[in-house]
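Below: one structure, written as structure tokens.
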Amino acid sequence: MFNLQNSHELHHRINTWYQHHARDLPWRRADCTAWGVMVSEFMLQQTPVNRVLPVWEEWMRRWPTPASLAAEDSAEAVRAWGRLGYPRRAQRLHGAAVAITKHHDGEVPADYDELLELPGVGAYTAAAITVFAFGRRATVIDTNIRRVHARAVMGKALPHKHLNAAETNLAEELMPQNTAVSCVWNASVMELGALVCVAKNPRCEQCPLEDICAWVKEGKPQAEYTPTGQSWHGTDRQLRGAMMAVLRAAHAPVPRELLTDFSTDITVPDALKVPVQDLRKLDSSQEQIDRCYSGLLKDKLAKERKDRVSL
DNA sequence: AACTCGTGGGC
DNA sequence: TGCCCAAGAGT
């Protein structure tokens, strides 16, 4: 394990690397609002930067403040979310905008605990907004940071399956005391994990820590477990994703048949520009279809009458 | 604590 | 090609 007494060496190396290699992302610019940072953090949950960029730009243009989003129906948020995935994030972001408008005078709160109260904001997002939007001192822990810590400090190929107290304690111990330095540190470690210390085929020759990395020192031992893959083909998720595509394209309630009967040819109204090829590839049981249909209603991605569905 | 929730690029 | 995985949150 890396000697924590030398953590200032880590700070200096990684922060210096960041000065030269950080991407110029719009939500990192000085003129980006706290709301802009918040929107980016929601979109970046489990979604790569390159796919977020164009959607974020559109959202900022359309909803420059929490109040402007809160004034819309949540269905518009889900539509504007497009194919980013995990559409409940759009609902939660809309819900957070409503809460900010109602309880925080329309301003994104700067306090960690207040942020945590907002829908869709967990430990990571609350810390990220605290640090990146307000320049306050908080410990940011995401998948990139966990991986860098696991390798450089612990000498492991991957972090534990689930974030635990030991990892959290380590992250807090590694935090620079100085607030301004700590903010750069959080961004730097995350960026290093995103660009260099990546999950597969890490670019160690580009890493500022190569000569002191505990994992490299140990000869890059393999992971102690193999991550369980996320199933997709033939699952409810695939089917629900196809249904969501239909609902996003529709601006009026959709007949149940349009969502559930795609065993043969589907006649889609011209006004409804739907990627039906996604639907036709599916081979789902009626039971599965019903389950997904109910799930959409249950998730309030759809509502009201059960024979017609809308966002 | 373990599962579930979408989507698409990279290898 | 098929599998891996990505700035997590909620239950």
Side-chain angles (χ1 to χ4, degrees), chain A residues 18 22-23 25-28 36-56 78 81-93 95-96 115-133 138-148 157-165 167-168 171 183 186-195 197-203 223 225-248 275 278 282 291-292 295-296 298-301:
Chain A
Y18 184 75
R23 291 167 291 181
L25 302 174
W27 45 84
R28 283 180 178 162
V37 172
M38 180 169 169
V39 172
S40 80
E41 292 302 341
F42 268 74
M43 291 182 172
L44 288 163
Q45 292 169 4
Q46 300 284 284
T47 305
V49 167
N50 287 339
R51 286 179 44 214
V52 164
L53 280 167
V55 184
W56 183 87
V78 174
W81 199 255
R83 301 183 72 81
L84 275 187
Y86 289 159
R88 20 181 77 167
R89 289 181 295 165
Q91 288 190 301
R92 289 168 181 159
L93 181 49
L115 286 164
L116 211 48
E117 294 296 313
L118 299 172
V121 177
Y124 162 77
T125 303
I129 295 171
T130 301
V131 172
F132 303 138
T139 306
V140 178
I141 305 178
D142 79 320
T143 187
N144 292 307
I145 289 174
R146 294 182 65 207
R147 189 172 52 249
V148 172
L158 294 175
H160 291 92
K161 217 164 192 173
H162 302 289
L163 179 61
N164 57 32
E167 278 186 62
T168 303
C183 291
N186 281 316
S188 304
V189 181
M190 199 182 314
E191 191 77 338
L192 187 68
L195 298 182
C197 195
V198 293
K200 293 201 309 188
N201 305 321
R203 314 183 222 285
Y225 65 94
T226 54
T228 57
Q230 308 155 322
S231 60
W232 173 248
H233 288 288
T235 65
D236 285 5
R237 308 177 80 176
Q238 184 187 25
L239 181 57
R240 189 169 39 246
M243 290 179 170
M244 282 300 304
V246 173
L247 291 173
R248 279 195 305 270
D278 291 347
L282 295 174
R291 188 164 61 244
C292 285
L296 288 170
K298 182 183 169 190
D299 291 350
K300 297 177 184 173
L301 291 173

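Below, chain A is the first sequence line, B the second, and so on; all start at residue 1.
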**Asked** Which parts of nucleotides 4-11 of chain C does protein reach within less than 4.0 Å, heavy atoms only, written one letter per nucleotide 5' to 3' as B for base, S for sugar-phosphate only and - for none?
**Response** SBBBBSS-

**Residue pair A:P26 / A:L53, side-chain heavy-atom distance below 4.5 Å** = yes

**Prompt:** A:L247 CG to B:dG6 C1': how many Å, rounded?
**Reply:** 14 Å

**Message:** Checking the side chain of A:R51 only, and the main-chain atoms of A:R83 only, is there a donor and an acceptor separated by less than 3.5 Å?
**Reply:** yes

**Message:** Using only atom types and a distance under 3.5 Å, with no angle test, would you say the side chain of A:R147 pairs donor to acceptor with the backbone of A:G193?
**Reply:** yes

**Item:** Rounded distance (Å) that lies between atom P of B:dC5 and atom CE of A:M243
**Value:** 13 Å

**Item:** Spacing of A:Q238 atom CD relative to B:dG8 atom P, expressed in whole Å
**Value:** 12 Å

**Request:** With heavy atoms under 4.0 Å as the rule, sort A:I145 into base, sugar-phosphate or nothing.
**Result:** nothing

**Between P of B:dA2 and NE2 of A:H162, the distance in whole Å** = 5 Å

**Request:** Look at all strands and tell whether A:R237 reaches a base, only sugar-phosphate, or nothing, counting heavy atoms closer than 4.0 Å.
**Result:** base

**Prompt:** In whole angstrom, what separates A:R203's CZ from B:dG10's C1'?
**Reply:** 11 Å

**Request:** Using whole Å, report how far CZ of A:R240 lies from P of B:dC5.
**Result:** 4 Å

**Message:** Whether A:R248 contacts B:dG6 is assessed here as follows: a side-chain N or O lying under 4.0 Å from the phosphate OP1 or OP2. Is that the case?
**Reply:** no

**Residue pair A:W81 / A:Q91, side-chain heavy-atom distance below 4.5 Å** = no

**Request:** Taking atom P in both B:dT4 and C:dA7, compute the distance separating them and give it to the nearest angstrom.
**Result:** 23 Å

**Asked** Considering only the P atoms, how many Å lie between C:dT11 and B:dG6, rounded to the nearest integer?
**Response** 14 Å

**Prompt:** Does A:R83 have a side-chain nitrogen or oxygen under 4.0 Å from the phosphate oxygens OP1 or OP2 of B:dG6?
**Reply:** no

**Interatomic distance where CZ belongs to A:F42 and P belongs to B:dG6 [whole Å]** = 16 Å

**Main-chain N/O of A:L195 paired with A:R203 side-chain donor or acceptor, under 3.5 Å** = yes

**Asked** A:K161 has an atom NZ; how far is it from atom P of B:dA2, in whole Å?
**Response** 8 Å

**Message:** Under a 3.5 Å distance rule, please check whether A:R89 uses its side chain to pair with a backbone N or O of A:L84 as donor and acceptor.
**Reply:** yes

**Prompt:** Between the main-chain N or O of A:M190 and the side-chain N or O of A:D142, is there a donor-acceptor pair closer than 3.5 Å?
**Reply:** no

